[in-house]
Each structure stands twice: as C-alpha cells, then as structure tokens.
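First up is the structure itself, then whatever we jot down about it.
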There are 2 protein chains.
Amino acid sequence: MVKKEQPLQGRPLIDVLAVVGVGLIGGSFALALRRAGVVGRVIGVGRSQETLRRAVDLGLVDETASAQDAAQQADIIFLSTPIGAMQGVLQSMQPYLRSNALITDGGSTKHDVVKAARLALGEKIAHFIPGHPIAGAETTGPEAAYAELYDDRNVILTPLEENSQADRDRLSRIWQSCGARVMFMDPYVHDQVLASVSHVPHFLASVFMGQVASAANSDQRFALAGTGFRDFTRIAAGSAEVWRDIFLSNREAVLAELDEVRLALDAAQQALQAEDGQALYDFLERAAVARRFWASRSGLK
Amino acid sequence: MVKKEQPLQGRPLIDVLAVVGVGLIGGSFALALRRAGVVGRVIGVGRSQETLRRAVDLGLVDETASAQDAAQQADIIFLSTPIGAMQGVLQSMQPYLRSNALITDGGSTKHDVVKAARLALGEKIAHFIPGHPIAGAETTGPEAAYAELYDDRNVILTPLEENSQADRDRLSRIWQSCGARVMFMDPYVHDQVLASVSHVPHFLASVFMGQVASAANSDQRFALAGTGFRDFTRIAAGSAEVWRDIFLSNREAVLAELDEVRLALDAAQQALQAEDGQALYDFLERAAVARRFWASRSGLK
C-alpha cells in the first residue's frame, strides 16, 4: 500500500481501528484511512455475519469481532450504525474500553447521540467526541464504500466539555487524513442546520415519491419522469431505517423547519391560485438566484 | 459536417428550419438536426439581438430574421420561447406561413398552448402539432445547447384532430432523427402527468430553496449543505420566466397535485409528531422501494 502521508514518529496514527457498521459511511472511513496509510489493523463489528464477511472480502476491514472484543483492542472506535443502535453498542463496549480509546460517530444528528452516549458511557463519556461527516450517497452497504467519499467534504465535530484538547486534535488529524475539512460546532446548532439542509429535503423527497407512487396512473407518471424528477427524488432511495432514526432523533428541529416550509408553500401556492404572475416570478427568481449563488460557492455544482 | 443519417431521396428532411427562441431547447433541437444531417438552413428568431448573435457565433443557427421573414421561408418552425410568448409569435407569423409549413413547440404544457395556437392561427391551425420533449437542464441560453440533449429522451406529441397523418409522421421522423423516442398523448393527460412529475417538483424545490435562503442563518445552512441538498434543489436554478409561464398555464393541474402532496405531507408529519417509528419506516420504505424501482426502469439513474 502506498503511504500518502507519513505518520508521526514512524507509527500509524491509529494502531487498531474498530468500525461498527461496515456500510457506506464506516467502510469509506476505513478505506480513506488505509489510503492515507495511517491505520494499522481494522476490525469490523456488526449485526449481520453476511455483511461483515462481504466487508472482509472487499478489503474494508481486516477481521471481524464482537463489540466487546473490538473494544478491548481498539484505539479508535467509529460508530456508523443507525442512530437508534448506538446506545446499545456503546453499552456493550463501555466496560472494556482501553484507557486511550477515542470513540466517535458518523450520525446525522448530534443532540440525541450525545444523550445516548452519556447514558451508555457514564463516567467514561470523555472518550466520546460526536461527529458528522457531511457526505453520503443514495447507495448503501459495504459495496457502496469508497476511499474518496470524504475528499473535500465537511466533517462537523461537536465536542463535549469533557473531551481533552489532545483528543480533539487527534480526531481532527484523523479526519483530515481522510481528505475532509473539519469544523467545530454546538450540537444544537448542528441539528437545526442539518434539519434544514439535509433532513427536510429527504422528508419532502420521500413524501413526494410516495405520493406519485400511490397515484392510480403511477406507471404513466413514471414513464414520463425526466432528469428533474430524477434529481429531486434521488435521496428518497436512501435507507428507511437510517432515515427513520434521523427523523426521530431530530424530531423537534425537523418539525419546526417543516412548519417554515409550509408557510413558504402557502405563500407560493396562493400566488399561483391568484394567478399573480409577478409574485410567482419573484418567488421563482429569488430561489433561482440563491441556488445559482450556492452552486458557485459550494464546489458541489 | 458528417452526415449520420442519409436523408430520403438525397434531400434533407427539412430545407429551412426556423427556431424561435435560441436557448437550451431550441438550440439543441437545431444542433441535433444538424448532427443527423437532415436540415438545410437554420434561421434564428428571438427578442434579443445579443442572444441571436451568440447563437450564430455558436453555430446553432446560420442566420437571423424577424418572425415574419422566417415564416416566409421555413418548412418547419420550432417554438421554444416561454409559453406566454407563443401566441404573439404565432400571430405575427400567421399571415406569412408557407402552404407546407409545419409548426411545433417545446412547451412544457399543452392544453394552454393549444388554446393560444387556435386563437393565433385560426383557420391555419392544422399547421400546428403541439409537442413536448422531456429533456432539459438547469442551464439556460444558447451556450447551454448541445446536440445530445434529446438522445434517448421521450418526446410527447399531442396532435390536434386537424393535423394530417402525413404531418404527424413527418414530425415523428424529425424528432427521431434527433435521437428521441416519440409518444402520442391527449393534451389533458399530458398536463396532469407533467404537473405531477415535473411541475410540482420544481415548485417544491423552489419553495424550499427560498425558505432556506430567507432564514436568518442562511450562510451557515448553505455552508453545510451537501450532495443531497444539491440534487434536491438543482431544478430551482431554472429560468423564473419559463417556470412562471408553466405554472400559470398548467395552474389547475398543479394546484390539484399540490393538494395531494399536502395530504401525503400531513400524514408523514403526523407520524413524526407522534413518534410513530413504524409508520415513519413504512412511509420511507415505500418511497425508497418506488425510487429504486423507477431508477432500474428509467435509464436515468
């Protein structure tokens, strides 16, 4: 393996990495660290033996173990399960954590994950630094993982007051070695912002997709759906289990944002109802200008 | 120019083509016909001399002319202006149409365009076959045009009872030479189906984009928006003028579909409000299965 970055003092940044949940997010994390040459051994942990075997075959992880065995060996533990499963995993690892262990996660909400981690880890909460890589795809499972997933993407860390500066720096370096940009943020602010730009779009895309699919002439509709439909609904193909947990764990922020969207929808629909061409134009032009401006800034055109 | 397809009897399918509105849709139509080697001369018509000049420089059209001059010369007239401008264009062309002229359009709604065409063309209505290529992009203007836009895309024709079979066949061959698949449909059915799979997604994407842009912390939101946001909002960058006309011209069908989407949104939001994990999962899974099924069938993954 080509080492793209020389680890400090000839030792890898991570001796033993445990990845709990070896799908797109966890598998890509392992592959990105391998690509950077900063990880020694990678242990996969998960519910399905079949999935774990595929992760080994694909080279995402070197071996598999139970949560307990993995906790006894790992320096870094990355949780990439659905959010609803994290508390149970942390509970089963808690008694066996190494003194230098650093745990982080890839969950799309942070307030709820922090609450679950405090309950599960108790006095060992300082080991856990919550995180959220803003990266993903509509694909799932070990086969979807790839080393470039985090290149130039934002990773948000929402550290706890108990976390040491040394551990914060260590986790920042790890994500940077994956190609990502690291940002620090308050967990509540994170959840409100992500409700807006990630969770609400998924909710709306799924609502819309369900509405089209349940129409009497859905076959005819699908036959005429073009690239706009394709882009607008792409995220609706995501894992129902993952997204159920995201919505439940960020329920209040998502509901608050949905109410805001409804107000905007009311106004736009009223303009259409009233055949108010100027109001319609203004609403569409504001959205178009904002979207073009965002595209020019985001690097995600 | 390489001729990919030999025209019948050594003559091009179209001697003189007039394209009214030389942007993405009209410019790509001209380029696709040139690529197939089935068009002689292409005349560009439009409101802006500046845009027309760019269309000539880009090789979309050979020359420019007024609507009247173009009507006097063209065998085929393609209208790719915003829908609200079509009646005026047809009125100014009506007295000068050649006896063999065939007029068609690329408008995203059909009932309203038919109404405008009947008013403008009167006894010459048989010249007009309404059409709608299901293709597009968030880009606009002559620079956005490309010859491959219609490859493997559906083009819907909604012929009038006045149209001759010979003209229907002629227009089918023209679109097929652009690489498209031709379908025939009733204009009302077209408008209802397109309201669902094209107009409503655009309306919702624009509403959502406007809501995010008007939030107090919109900068922070945009900074954390990822690929899901990108895909979901891409269509909101489209031309406000074009889409205002689409919404106004298909107002009733769009409002009816929006009401259906609201009902689905109510149900999903209620499940989230009630923390009903099973109902949320079921709604998300139905949408995900439908989206994956559509992607596997559509060729638009």
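Residue numbering restarts at 1 for every chain, and letters A, B, ... go by the order of the sequence lines.
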Partner chain A: residue of [options] with the largest heavy-atom pair count (under 4.5 Å):
options: B:Leu258, B:Leu224, B:Asn154; value: B:Leu224
options: B:Val189, B:Thr233, B:Leu280, B:Val254; value: B:Thr233
options: B:Ile134, B:Ile156, B:Val197, B:Leu194; value: B:Val197

Top contributor to chain B contacts, counting heavy-atom pairs under 4.5 Å, from A:Arg262, A:Arg297, A:Glu285, A:His202: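 Option with the greatest count: A:Arg262.
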
If we define contacts as heavy-atom pairs under 4.5 Å, which of A:Met183, A:Glu257, A:His190 has the most with chain B?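 Of A:Met183, A:Glu257, A:His190, A:Glu257 has the most heavy-atom pairs under 4.5 Å with chain B.
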
Portion of [X] that has a non-hydrogen atom of chain B nearer than 4.5 angstrom:
X: A:Arg286; result: neither
X: A:Leu263; result: neither
X: A:Arg153; result: side chain

Indicate, with yes or no, if the rings of A:Tyr281 and B:Trp243 have centres closer together than 6.0 Å.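 That pair fails the under 6.0 Å test.
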
Aromatic centroids of A:Phe203 and A:Phe208 separated by under 6.0 Å: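 That pair fails the under 6.0 Å test.
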
Under 3.5 Å, is there a donor-acceptor pair between the side chain of A:Arg291 and the main chain of B:Arg230? yes

Strictly distance-based, threshold 3.5 Å: is any side-chain N or O of B:Ser48 a donor or acceptor partner for the main-chain N or O of B:Thr51?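 Yes: the side chain of B:Ser48 pairs with the backbone of B:Thr51.
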
Kindly compute the distance separating CG (B:Leu265) from CG (B:Leu272), expressed to the nearest 0.5 Å.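 CG of B:Leu272 is found 10.5 Å from CG of B:Leu265.
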
Working to the nearest 0.5 angstrom, can you tell me the gap between A:Leu284 CG and B:Ser206 OG? 5.0 Å

So for B:Val289, is it side chain, backbone, both, or neither that comes closer than 4.5 Å to the heavy atoms of chain A?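 B:Val289 has no heavy atom closer than 4.5 Å to chain A.
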
Below 4.5 Å from any heavy atom of chain A, which atoms of B:Ala271 appear? Answer side chain, backbone, both or neither. neither

